[in-house]
Amino acid sequence: MISFVHRFHGHSSLRYVYKNGQAVRSRLMTIKAIDNPHRKIARIAVVVSKKVIKSAVSRNRIRRRIYEYVRLQLPELREAQDIAIIVSSSEVLTMPYDELSECLKQLFIQAKLYKSSHS
RNA sequence: ACAGUUUGUCAGGUGAUCGCUUAUGUUUACAUAAGAGGAAAGUCCGGGCAGUGUAGGGCAAUGACAGUCGCUAACGGCGACCGGGGGCGACCCUAGGGAAAGUGCCACAGAAACGAAACUACCUUGAAAAAGGCAAAGAUGAAACGAGUGAGGUAAGAGCUCACAGCAUUCCACGGUGACGUGGCGUGAAGGUAAACCCUGUCAGCUGCAAGGAGAUUUGCAUUAAGGGCGGCCCGUCCGCAGAUCGAUACCCGCUUGAUCAAGUAGGCAACUACUUGACUAGAUAGAUGAUCACCCACGACAGAACCCGGCUUACCGAUGAACUGUCACU
RNA sequence: GCGCGAGUGGCGGAAUGGUAGACGCGCUAGCUUCAGGUGCUAGUGUCCUUCGGGACGUGGAAGUUCGAGUCUUCUCUCGCGUA
């Protein structure tokens with residue numbers, strides 16, 4: 001799980017990202033991101049709908065796998081931005097970790113989430 | 001040995017590295033401790049707690065429940081027993097009050113579907129048509145007038161009469177707290193359906209932690225009796241009413257010590273209760289238990305707390321303990 | 001989290017406990033037309049069949065009843081309201 005300071009707080013701020021964020025899609029998930037100049041630290045949320053998979057245990061597991069990858073990449077990411085990762089496929093639960101990390105990496109580059117020096 | 005019945009417990013473990021939440025201590029980043037379930041689930045019942053009007057009395061309506069005796073904070077739950085059904089048996093299942101309070105329904109078929117009547121038949125009268133008697137036999141149907149067999153009886157028949165058997169039941173005796181059981185003298189003939197309406201008895205005010213903890217200022221209307229309130233009416237009780245603006249909004253509190261858990265003793269067939277000692281055992285708030293690697297084995301099922309408890313129901317890879325039953329073989 | 005509702009042919013949607021599928025849309029075949037559309041008529045759940053018929057069918061599993069789409073219980077799926 002990600003640290004408290006990197007989480008979203010309250011529904012409204014997340015809804016702002018949903019509405020105005022730049023979307024990048026793949027078969028498995030959608031990433032919406034937007035710069036937030038009011039903040040100094042990036043905020044990240046992983047969303048798994050009940051329609052993707054019904055079991056609460058499985059949904060928690062998907063979130064934890066993605067949060068784990070994000071946690072490791074966190075120092076490389078730009079600050080002052082809000083990111084929402086919306087999972088749209090139940091394959092994320094069963095696919096191997098290497099495949100998942102590769103998929104996420106591609107999406108992160110597409111969405112320009114990394115620091116400019118790094119990209 | 002094989003087949004089976006009931007029931008209890010567990011729900012991968014250990015180590016390393018990097019992380020998350022809470023608490024405490026130093027201090028601004030570390031250290032220590034703790035960190036999902038038997039069903040956390042379904043939300044099907046019952047409570048606590050909070051608000052609503054001190055929720056208090058009566059009536060009506062609505063809903064739920066239904067053998068007896070107990071247990072419980074309470075229950076539609078649990079235990080023991082009674083009646084009924086199933087199984088060779090261990091044991092299992094059982095919405096199990098009332099159909100002589102009333103109403104409704106019983107399709108099709110059938111002469112007739114609950115009122116008793118009479119299509120074929122049988123008997124008597126009659127030339128016949130028909131009239132009268134009778135309800136044993138017949139086909140239909142889930143169910144046929146609701147007491148079977150034999151004898152008597154008769155024009156033909158019929159509980160019409162008798163004997164035996166069955167069912168129900170007033171009363172009496174005995175046993176049991178009781179449901180009820182056993183026996184005896186009598187009496188009787190009631191179709192089914194109440195998970196149809198209903199009757200009888202018992203219980204329930206309503207809303208739910210998104211409850212609630214907070215309201216203040218001002219404008220308009222009303223001026224002590226009209227009106228109003230978290231379902232209806234009456235009593236009782238309480239209160240001025242409506243709009244606008246501001247305040248708060250990851251707030252914080254409620255939020256986890258509780259009908260709590262563990263062990264022992266005593267009572268009880270049991271559910272459970274009493275006492276003593278010990279323990280503190282998640283509290284997040286877009287929501288905390290994860291990732292990677294190594295080893296072991298039985299190769300890991302169903303599944304994630306969201307105010308908290310007691311049940312019920314449903315899901316579940318397996319591992320293992322206990323008690324008991326039947327059949328076969330041997331001693 | 002809390003509180004509610006629904007499930008019937010391919011689709012929408014009827015059916016008082018008594019032959020399941022009224023009615024509309026769609027689909028198929030025929031007629032009409034030079035052709036298409038329109039219009040009219042007939043048919044249209046699944047399986048088995050000795051072609052007479054039989055069995056299974058209202059999300060699923062039990063129960064009550066002579067008989068359940070309907071009544072009762074459990075369960076699955078879908079949807080709605082509530083900040």
Side-chain angles (χ1 to χ4, degrees):
Chain A
M1 200 55 211
I2 206 155
S3 179
F4 189 79
V5 291
H6 292 294
R7 296 185 202 171
F8 280 85
H9 302 293
H11 200 179
S12 325
S13 52
L14 190 59
R15 196 156 47 199
Y16 180 79
V17 178
Y18 264 52
K19 203 170 178 180
N20 303 311
Q22 284 288 322
V24 178
R25 288 202 179 77
S26 84
R27 195 167 52 81
L28 298 173
M29 62 195 80
T30 304
I31 292 183
K32 284 205 168 198
I34 191 166
D35 290 349
N36 189 341
H38 301 293
R39 295 194 148 267
K40 293 194 170 70
I41 307 169
R43 295 193 298 181
I44 297 150
V46 176
V47 179
V48 186
S49 168
K50 224 174 197 176
K51 283 178 184 172
V52 175
I53 192 161
K54 244 196 79 181
S55 162
V57 173
S58 309
R59 275 185 278 122
N60 275 344
R61 185 156 169 77
I62 288 171
R63 290 192 316 117
R64 282 165 183 163
R65 294 189 80 180
I66 295 173
Y67 272 128
E68 179 62 20
Y69 177 79
V70 171
R71 186 177 67 77
L72 295 171
Q73 298 295 316
L74 206 55
E76 311 296 324
L77 298 180
R78 288 189 292 121
E79 281 105 19
Q81 61 178 347
D82 290 348
I83 306 165
I85 302 170
I86 303 151
V87 177
S88 53
S89 169
S90 57
E91 283 176 47
V92 180
L93 181 66
T94 50
M95 69 197 297
Y97 183 74
D98 296 340
E99 215 173 297
L100 176 63
S101 57
E102 187 58 32
C103 171
L104 279 164
K105 191 180 177 184
Q106 291 300 322
L107 280 170
F108 277 28
I109 290 166
Q110 270 187 52
K112 302 190 179 70
L113 302 185
Y114 288 110
K115 286 173 182 167
S116 52
S117 60
H118 196 268
S119 64

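A, B, ... follow the sequence lines: proteins, then strands. Residue 1 opens every chain.
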Where the side chain of A:Gln81 meets the backbone of A:Leu113, is there a donor-acceptor pair that is under 3.5 Å apart? yes
Can any side-chain N or O of A:Arg65 pair as donor or acceptor with the backbone N or O of A:Val92 at less than 3.5 Å? yes
Between [X] ([atom1]) and [N] ([atom2]), how many Å, whole number?
X	N	atom1	atom2	result
A:Tyr97	B:rA291	OH	C1'	6 Å
A:Leu72	B:rG19	CG	C1'	9 Å
A:Arg61	B:rA288	CZ	C1'	17 Å
A:Ile62	B:rG304	CD1	P	13 Å
A:Arg65	B:rC18	CZ	P	22 Å
A:Glu99	B:rA291	CD	C1'	18 Å
A:Leu104	B:rA291	CG	C1'	14 Å
A:Tyr67	B:rU289	OH	C1'	15 Å

If pairing requires Watson-Crick or G-U wobble contacts with both distances under 3.5 Å, which nucleotide is the partner of [N]?
N	result
B:rA109	none
B:rC203	B:rG63
B:rA279	B:rU260
B:rG102	B:rC197
B:rG240	B:rC221

Taking 4.0 angstrom as the limit, do A:Glu68 and A:Arg71 come out as a salt bridge? yes
Distances under 3.5 Å only, N/O to N/O: pair up the protein atoms with those of nucleotides 36-39 of chain B.
none

Those stems involving RNA chain C that have three or more consecutive Watson-Crick or G-U pairs, both distances under 3.5 Å, are C:1-7 with C:76-82, C:10-12 with C:23-25, C:26-31 with C:39-44, C:45-48 with C:53-56, C:59-63 with C:71-75
Partner residues of A:Gln73 under the side chain to side chain donor-acceptor pair (under 3.5 Å) criterion, sequence neighbours left out: A:Tyr114
Can you name the side chain to side chain donor-acceptor pair (under 3.5 Å) partners of A:Glu102, sequence neighbours left out? A:Gln106
Taking the P atom of each, how far is C:rC66 from C:rG59, in whole Å? 25 Å
Between B:rU327 and B:rA90, how far apart are the two P atoms, rounded to whole Å? 12 Å
Residue pairs fulfilling salt bridge (Lys or Arg N to Asp or Glu O under 4.0 Å) with at least one residue in residues 20-36 of chain A, sequence neighbours excluded: A:Arg27-A:Glu91, A:Asp35-A:Arg78
If two hydrophobic side chains count as joined below 4.5 Å and joins carry through other members, does A:Leu72 share a cluster with A:Leu107? yes
Do A:Ile66 and A:Val48 come within less than 4.5 Å of each other through their side chains, counting heavy atoms only? no
Of the nucleotides B:rG290, B:rA303, B:rA288, which has the atom closest to the A:Arg7 side chain? B:rA288
Check: protein-nucleotides 75-77 of chain C nitrogen or oxygen pairs below 3.5 Å:
{"unit_1": "C:rU77", "atom_1": "OP1", "unit_2": "A:Lys54", "atom_2": "NZ", "d": "3.0"}
{"unit_1": "C:rU77", "atom_1": "OP2", "unit_2": "A:Lys54", "atom_2": "NZ", "d": "3.1"}

